[in-house]
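Just so you know, these numbers use all the heavy atoms, side chains as well, and skip hydrogens, waters and symmetry mates.
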Amino acid sequence: MGGLRILVLGAGGVGGYFGGRLAQAGVDVTFLVRERRLRRLNAEGLRIRSPFGDAAIAVKAVAAAEDGGRFDAVLLACKAYDLEDAISTVAPAVSDGCAVLPLLNGVAHIDRLNAAFGAGRVLGGLAKIQATLTEDGVVEHFNDWRFLTFGEQDGRMTGRVAALEAAFAQAPGCVAEAVPDVMRRLWEKLVHVATSAGMTCLMRANVGEIVRTADGAALLRRLLEANAEIAARLGHAPSPAFMETYRATFSDPSSGYSTSMLRDIERGAPTEGDHILGFMLDSARSVGVSEPILELACAHVQGLRPATRCRQAPDARPRSVGRGVVTRRLTARPALPRRPSPPDGPQAGAVEGAARPQPPRRCRLRSPRPAPGRAGDAAPLVQAQRSCPALVPSAQAPLSRGIPIEAPPGSSAASVSWGWNSSTPFSASVFWSAA
Ligand SMILES: NC(=O)C1=CN([C@@H]2O[C@H](COP(=O)(O)OP(=O)(O)OC[C@H]3O[C@@H](n4cnc5c(N)ncnc54)[C@H](OP(=O)(O)O)[C@@H]3O)[C@@H](O)[C@H]2O)C=CC1
Ligand SMILES: CC(C)(CO)C(=O)C(=O)O
C-alpha cells in the first residue's frame, strides 16, 4: 500500500485536521465535501490553526466520489447523524482493496458500516483531539491532543493498517497508532465521551468549571464509573490504565477541557446525543445498570429538539434510537443565553470574566442590548466567530480588561466561550441571537 491514495469525507474539525496534516506532508489526499466547503477549499485552501503549527494547504477536493478515481482508504469524518448520507456519498469510491476508516465517536456506526461495505473493508478508528471548524472556514485545534488510533476489527496487524500508520507518521501535529484491540479502544472512547459530553452538556461548563463546584468532581467520577461498568458488563471493560487516566482528567480543577457536543449545543447545531448518550443509556438498560446522571444527560440533550421539529424536521419524533445509528439530521433550537451577567460587569459590548486568576476558562459578553432569550425562544441564531489574538494570557498581563466586540446589527449577545492553551491565543466563539 505504498504511496497511499486517501479520500477524506468531511473537512470539519477531525477530517480537516487529520486529512489536512496528511496533505501537508505530501500524502495523496482528496477531500470529499459538500458544495459550500468545496468552494472555500478551492478558493482559500485548507486552513488550520493549531498549537502544532498553523497551515494553509492547497488541497484536492471533490463534491462526488466518482470525480476522485480509486482510493486505498476512505476516512469517514462526519457526524453520526450524517452517516447514512456519507455512506451513499463514499460508496462509489469503496472498491475492492479499499479500507474504510471511520473516525466518529461512538460504536454503533461500525455495524452499519459492516452492513454497507462488508466487515472485511471496515477498520475501527478513533480520534482524540479538540478541534472545530469555525464560521470563517478555519480548522481550529484547541489543545495538545492530536491522537489517532485505528486497527482491524479482528485485531490482526495487517499491511493496510501498517501503511496508514506509516502515512500518518510523516504528518506534522499527528500521533497515530495501529493497535490490535481497536474495539476495546472504541468502547473506552465511548466511556470517555459519554462522561465528558454528558456532564459538560448538562452543566454547560468545561471539566475544570464542573470540578470546581461543590459536588462536580464526585458527579463526574460517578458517571465515569457507571459508564465503565456498562461497558464491562457488555464485555468491553476499560483497562485499569484508562480508568486511572480519566479519573485524573475528570478531577482536575484547572482543566479547560470541553466537548464537541457542548460546542454543537452552544452554536445551535445538531448533536450526536442519540449516538453517544442514547446508545449508552440503552446499553445500561440492557445490562441492568441504572444511572440517573446518564438518564438526565440523555433527556437533557433530547429536550433540545422540539423547536427543530417545526423548523427543519417536521416528521422527527424525539426518541432514543436504541443501538442503531441516528439517521435523521436534527437541528437543535437556538442556544439560550447563559446565566445572567453579574451587575458589576464591564462596559456594554465587552468580554468579561477575564479578571479571574488565569487561565480564565469562560467569559461572558455584555452587549448594548440585553439578550432577549428565554426558554422556547425560536429567534434565528446568528453566529459570529472571532479570533482574539489580543487575549494572550501571561503572568505580566492577566486578562483584566474586556475587549470590545461589536454586535451585528439587530442582534444581541447570547454567550461567548473560548479555547485556550499554553502556546496559542484565545479563540473566542461569540453567539448572537436576533433581537
Ligand atoms: N471535533 C472534535 O474535537 C472531535 C470529534 N470527534 C468525532 O468525529 C466526528 C466528526 O466530528 P467533527 O469533525 O467535529 O464534525 P464537523 O461537523 O466539524 O465535520 C463533519 C464534516 O462532515 C461533513 N459531511 C457530513 N456528511 C457529508 C457528506 N455526505 N458529504 C460531504 N461532507 C459531509 C460536514 O459537511 P457540512 O459542513 O457540509 O455539513 C462537516 O463539515 C464526530 O463523530 C465527532 O464526535 C472525535 C474526536 C474529537
Ligand atoms: C471528548 C473529545 C474531546 C475527545 O477527543 C471528543 O471526542 C469530542 O469532543 O467529541
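- Closest heavy-atom contact between Phe31 and Gly19: CZ-C, 3.5 Å.
- Using modelled atom types, no side-chain atom of Thr132 and backbone atom of Thr134 make a donor-acceptor pair closer than 3.5 Å.
- For the pair Arg21 and Gly173, the tightest heavy-atom approach, listed with the atom from each and the gap, is NE-CA, 4.4 Å.
- Listed here is the closest heavy atom pair of Ala86 and Leu9: CB-CD2, 3.7 Å.
- In summary, the side chains of Thr200 and Thr259 do present a donor paired with an acceptor at a separation below 3.5 Å, with no hydrogens or angles considered.
- A donor atom on one side chain and an acceptor atom on the other are not found under 3.5 Å apart for Thr271 and Asp264.
- Checking side-chain atoms of Lys189 against main-chain N and O of Ala127 turns up a donor-acceptor pair under 3.5 Å.
- The two residues Met157 and Ala178 make their nearest non-hydrogen contact at CE-O, 3.4 Å.
- Residues satisfying the side-chain hydrogen bond (donor to acceptor under 3.5 Å, both in side chains) test with Ser260, not counting sequence neighbours, are none.
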Exercise. For Leu101 and Val74, what are the C-alpha separation, side-chain angles and deciding distance, and is it a side-chain contact (heavy atoms from CB on, under 4.5 Å)?
Worked result: CA-CA 6 Å; Leu101 172 54; Val74 173; over 6 Å; no

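- Annotation: ring-ring contact (aromatic ring centres under 6.0 Å, His included) contacts of Tyr257 (sequence neighbours excluded): Trp145, His192.
- Side-chain contact check for Thr158 and Glu152: at least one donor-acceptor pair (N or O, by modelled atom type) lies under 3.5 Å.
- For Glu229, the salt bridge (charged side-chain N to carboxylate O under 4.0 Å, His left out) test picks out Arg233, with sequence neighbours left out.
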Problem set entry | Stepwise salt bridge (Lys or Arg N to Asp or Glu O under 4.0 Å) check, Asp136 with Arg40 | CA-CA 9 Å; Asp136 57 352; Arg40 193 147 222 169; over 6 Å; no

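- Two residues are said to be in side-chain contact when any heavy atoms from C-beta on lie closer than 4.5 Å; Leu223 and Met199 meet this criterion.
- Partners of Arg146 by side-chain hydrogen bond (donor to acceptor under 3.5 Å, both in side chains), not counting sequence neighbours: none found.
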Problem set entry | Residues Met203, Thr213; criterion side-chain contact (heavy atoms from CB on, under 4.5 Å); working and verdict | CA-CA 10 Å; Met203 299 282 294; Thr213 65; 4.2 Å; yes

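- In this structure, the side chains of Ile129 and Tyr17 come closer than 4.5 Å at one or more pairs of heavy atoms.
- Contact check for Val100 versus Val90: no side-chain heavy atoms found under the 4.5 Å cut-off.
- A search for side-chain contact (heavy atoms from CB on, under 4.5 Å) contacts involving Ala217 returns Val211, not counting sequence neighbours.
- One finds the SG atom of Cys78 at 5.5 Å from the CG atom of Leu83 (value rounded to the nearest 0.5 Å).
- Under a 4.0 Å N-O distance rule, the pair Arg47/Asp54 does not qualify as a salt bridge.
- For the pair Met243/Leu224, a side-chain contact is recorded, criterion being any heavy-atom separation below 4.5 Å from C-beta on.
- Interatomic distance, Ile230 CD1 to Asn227 CG, rounded to the nearest 0.5 Å: 5.0 Å.
- Scanning for side-chain contact (heavy atoms from CB on, under 4.5 Å) contacts around Ala65 gives Leu32, Pro92, Ala93, with sequence neighbours left out.
- Using a 4.5 Å heavy-atom cutoff, the side chains of Glu165 and Phe150 are in contact.
- Leu22 has its side chain within reach of Phe168: a pair of non-hydrogen atoms, C-beta onward, lies under 4.5 Å apart.
- Taking the charged nitrogens against the carboxylate oxygens, Arg34 and Asp82 do have a contact shorter than 4.0 Å, which makes a salt bridge.
- A heavy-atom distance below 4.5 Å is found between the side chains of Leu234 and Trp187.
- To the nearest 0.5 angstrom, Lys128 atom NZ is 10.5 Å from Glu188 atom CD.
- Residues meeting the side-chain hydrogen bond (donor to acceptor under 3.5 Å, both in side chains) test with Thr149, sequence neighbours left out: none.
- Not a single side-chain hydrogen bond (donor to acceptor under 3.5 Å, both in side chains) links Arg37 to another residue, sequence neighbours left out.
- Within the structure, salt bridge (Lys or Arg N to Asp or Glu O under 4.0 Å) pairs that include any residue of residues 244-255 comprise Glu225-Arg247 (at least two apart or interchain).
- The closest side-chain heavy-atom distance from Val59 to Val29 is not below 4.5 Å.
- One distance of note links CD of Glu209 with OG of Ser254; it measures 12.0 Å at 0.5 Å rounding.
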Exercise. Under the side-chain contact (heavy atoms from CB on, under 4.5 Å) criterion, do Asp274 and Tyr81 qualify, and how do the steps go?
Worked result: CA-CA 9 Å; Asp274 277 337; Tyr81 48 74; over 6 Å; no

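- Looking at every heavy atom in both residues, Val191 comes nearest to Ala231 through CG2-CB, 3.8 Å.
- In this structure, Leu202 CG and Ile210 CD1 are separated by 8.5 Å, a value rounded to the nearest 0.5 Å.
- Among residues two or more places apart in sequence or in another chain, the ring-ring contact (aromatic ring centres under 6.0 Å, His included) test is passed with Phe18 by none.
- Between the side chains of Asn114 and Gln153, at least one donor N or O lies within less than 3.5 Å of an accepting N or O.
- Using modelled atom types, one side-chain atom of His141 and one backbone atom of Asn143 make a donor-acceptor pair closer than 3.5 Å.
- Here the NE2 atom belonging to His236 is positioned 10.0 Å from the CG atom belonging to Leu190, to the nearest 0.5 angstrom.
- The ring-ring contact (aromatic ring centres under 6.0 Å, His included) check on His300 picks up nothing, with sequence neighbours excluded.
- Side-chain N or O atoms of Glu177 include none that pairs as donor or acceptor with a backbone N or O of Leu148 at under 3.5 Å.
- No side-chain donor-acceptor contact under 3.5 Å links Asp181 to the backbone of Arg184.
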Exercise. Can you list the steps and then say if Leu76 with His109 is a side-chain contact (heavy atoms from CB on, under 4.5 Å)?
Worked result: CA-CA 11 Å; Leu76 279 187; His109 56 277; over 6 Å; no

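- Of the charged side-chain nitrogens involved, at least one lies within less than 4.0 Å of a carboxylate oxygen, so that Glu84 and Arg112 count as a salt-bridged pair.
- Evaluation of the salt bridge (charged side-chain N to carboxylate O under 4.0 Å, His left out) rule for Arg36 yields no partner, not counting sequence neighbours.
- For Arg285 (side chain) and Asp282 (main-chain N/O), no donor-acceptor pair under 3.5 Å exists by modelled atom type.
- When every heavy atom of Leu294 is checked against every heavy atom of Ala284, the shortest pair comes out as CD2-CB, 4.2 Å.
- Counting only N and O atoms by type, the side chains of Ser258 and Gln130 include no donor and acceptor under 3.5 Å apart.
- Here the side chain of Glu140 pairs no donor or acceptor atom with the backbone of Ala131 at under 3.5 angstrom.
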